[in-house]
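To keep things clear, I will list the structure first and then write my remarks on it.
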Amino acid sequence: MKTIVIIIVALALIGGGYLFIMDQRNKATLSTLEEAKEVESTATTSSATVASQVVINRTNGEWDTNSTGGNYGIVASELKFEFTGYKPGGQHVGTFNNLVATVSLDAMGNPIATEITIDPKSVQTDAAGVTGHLQKKEFFDTETFADVKVNIKEIQKEGANVKAIADLTIKGVTKTLAIPVTVTKTEAGTKFEVDTRIKISDYGMAYGPVQDEVRVTLSGLVFEFGMGN
């Protein structure tokens, strides 16, 4: 009997140690990402001249883009939007299958403003149980709130540092964030990437041992018409 008890205790200690190690690893991963920090709210929008606009639709997980004017477009196959949530011992990766965005570009093809409307009921993760749970009240509460909105009002540049100033609205709560963006000029066009972390508790979301910070990644490629795309 004592042997059985010792084995059970040993397994419990091993399991607890594993969860602790994974939890620390997840926190270490998040700590390497620059946080999307809240800044003072402003009603102003970008004063940059809009030279091109692109409408992005994602329907049932399929991306489609349409340029409504100007010399630039966005490559649908290069678009990626994911989030990663962390729990003791693991993580789950998800996305949203239905959204619409209008991207405004300047004369050089740089994004200067974007309006995104996301259908939270279209959330999709790597686990069916998690997908269903994210629609409940403790998370997106999709029965009450029909959409998630992102309104990027301007792009601020200080040397190599680029920040998107955006209003993020989730569950009726709006916060203005300074979101770090990496912009890279390539032969194919201008690549933009977001890899940041946000606190879900700021938007009234929380559940048990799930970590407060969520990783958000977004990327795409802007190309100029007539340049081989």
Side-chain angles (χ1 to χ4, degrees), residues 33-59 61-83 95-119 122 147-170 174-198 215-229:
L33 307 175
E34 186 177 351
E35 181 182 2
K37 295 182 179 180
E38 186 174 6
V39 295
E40 186 176 351
S41 181
T42 172
T44 62
T45 58
S46 174
S47 59
T49 301
V50 176
S52 303
Q53 275 197 328
V54 180
V55 176
I56 299 172
N57 281 288
R58 193 178 198 199
T59 306
E62 296 294 327
W63 294 99
D64 179 65
T65 64
N66 177 42
S67 178
T68 61
N71 299 321
Y72 294 93
I74 293 177
V75 183
S77 61
E78 293 289 333
L79 285 165
K80 183 178 180 181
F81 178 31
E82 289 184 346
F83 61 86
T95 187
F96 296 94
N97 286 329
N98 296 329
L99 63 83
V100 61
T102 301
V103 183
S104 298
L105 309 168
D106 66 14
M108 299 300 293
N110 298 307
I112 53 177
T114 303
E115 294 183 1
I116 308 172
T117 300
I118 299 168
D119 177 7
S122 73
D147 51 42
V148 170
K149 288 186 176 293
V150 185
N151 179 19
I152 299 175
K153 300 182 288 186
E154 65 173 312
I155 302 294
Q156 296 181 348
K157 298 180 181 179
E158 293 184 7
N161 296 320
V162 181
K163 305 281 188 184
I165 307 303
D167 289 338
L168 173 60
T169 303
I170 304 175
T174 300
K175 292 185 178 295
T176 303
L177 304 178
I179 303 171
V181 183
T182 300
V183 179
T184 308
K185 296 291 185 179
T186 71
E187 290 184 359
T190 301
K191 186 173 184 179
F192 58 91
E193 298 176 281
V194 171
D195 191 358
T196 188
R197 53 192 167 102
I198 66 170
R215 182 177 190 172
V216 178
T217 59
L218 170 67
S219 61
L221 179 68
V222 178
F223 71 94
E224 186 174 3
F225 294 125
M227 297 297 292
N229 291 279

Report summary line: Nearest heavy-atom contact between Ser219 and Glu193 is CB-CG, 4.0 Å

**Report entry** All side chain to side chain contact (heavy atoms under 4.5 Å, CB included) counterparts of Asn71, not counting sequence neighbours
**Finding:** none

**Report entry** Contact check, side chains of Ile56 and Trp63, non-hydrogen atoms, under 4.5 Å
**Finding:** yes

Query raised in the report: Taking all non-hydrogen atoms of both residues, which atom of Val54 and which atom of Gly73 are closest, and how far apart?
Result: CG2-CA, 3.9 Å

**Report entry** Residue pair Asn151 / Glu115, side-chain heavy-atom distance below 4.5 Å
**Finding:** yes

Report task. Could you tell me whether the side chains of Thr95 and Arg58 share a donor-acceptor contact shorter than 3.5 Å? Result -> yes

Query raised in the report: Where do Pro111 and Val222 come nearest, in terms of heavy atoms and distance?
Result: CG-CG2, 4.4 Å

Report task. Decide yes or no for Asp195 and Arg215: does some side-chain heavy atom of the first lie under 4.5 Å from some side-chain heavy atom of the second? Result -> yes

Query raised in the report: Looking at side-chain heavy atoms only, is the closest gap between Ile118 and Phe81 below 4.5 Å?
Result: yes

Query - Residue pair Ala188 / Leu221: nearest heavy atoms and the distance that separates them - result: CB-CD2, 3.9 Å

Extract all donor-acceptor atom pairs below 3.5 Å that involve side chains of residues 98-107 and protein atoms in other chains or at least two apart in sequence.
from: Asn98; atom 1: OD1; to: Asn60; atom 2: N; distance (Å): 2.7
from: Ser104; atom 1: OG; to: Gln53; atom 2: NE2; distance (Å): 3.1
from: Asp106; atom 1: OD1; to: Met108; atom 2: N; distance (Å): 2.9
from: Asp106; atom 1: OD1; to: Gly109; atom 2: N; distance (Å): 3.0
from: Asp106; atom 1: OD1; to: Asn110; atom 2: N; distance (Å): 2.9
from: Asp106; atom 1: OD2; to: Asn110; atom 2: ND2; distance (Å): 3.4

Query - Value rounded to 0.5 Å, distance of CD in Glu154 from CD1 in Ile165 - result: 5.5 Å

Report task. Under the side-chain contact (heavy atoms from CB on, under 4.5 Å) rule, what do Val216 and Leu218 come out as? Steps first, then yes or no, please. Result -> CA-CA 7 Å; Val216 178; Leu218 170 67; 5.5 Å; no

Requested in this report: Hey, could you give me the OG1/CZ distance between Thr184 and Phe192, rounded to the nearest 0.5 Å?
Outcome: 11.5 Å

Query - Heavy atoms of other groups near Lys157 NZ, more than 12 under 6.0 Å - result: no

Requested in this report: Under the side-chain contact (heavy atoms from CB on, under 4.5 Å) rule, what do Thr196 and Val181 come out as? Steps first, then yes or no, please.
Outcome: CA-CA 9 Å; Thr196 188; Val181 183; over 6 Å; no

Query raised in the report: Just how far is it from atom NZ of Lys191 to atom OG1 of Thr186, taken to the nearest 0.5 Å?
Result: 8.0 Å

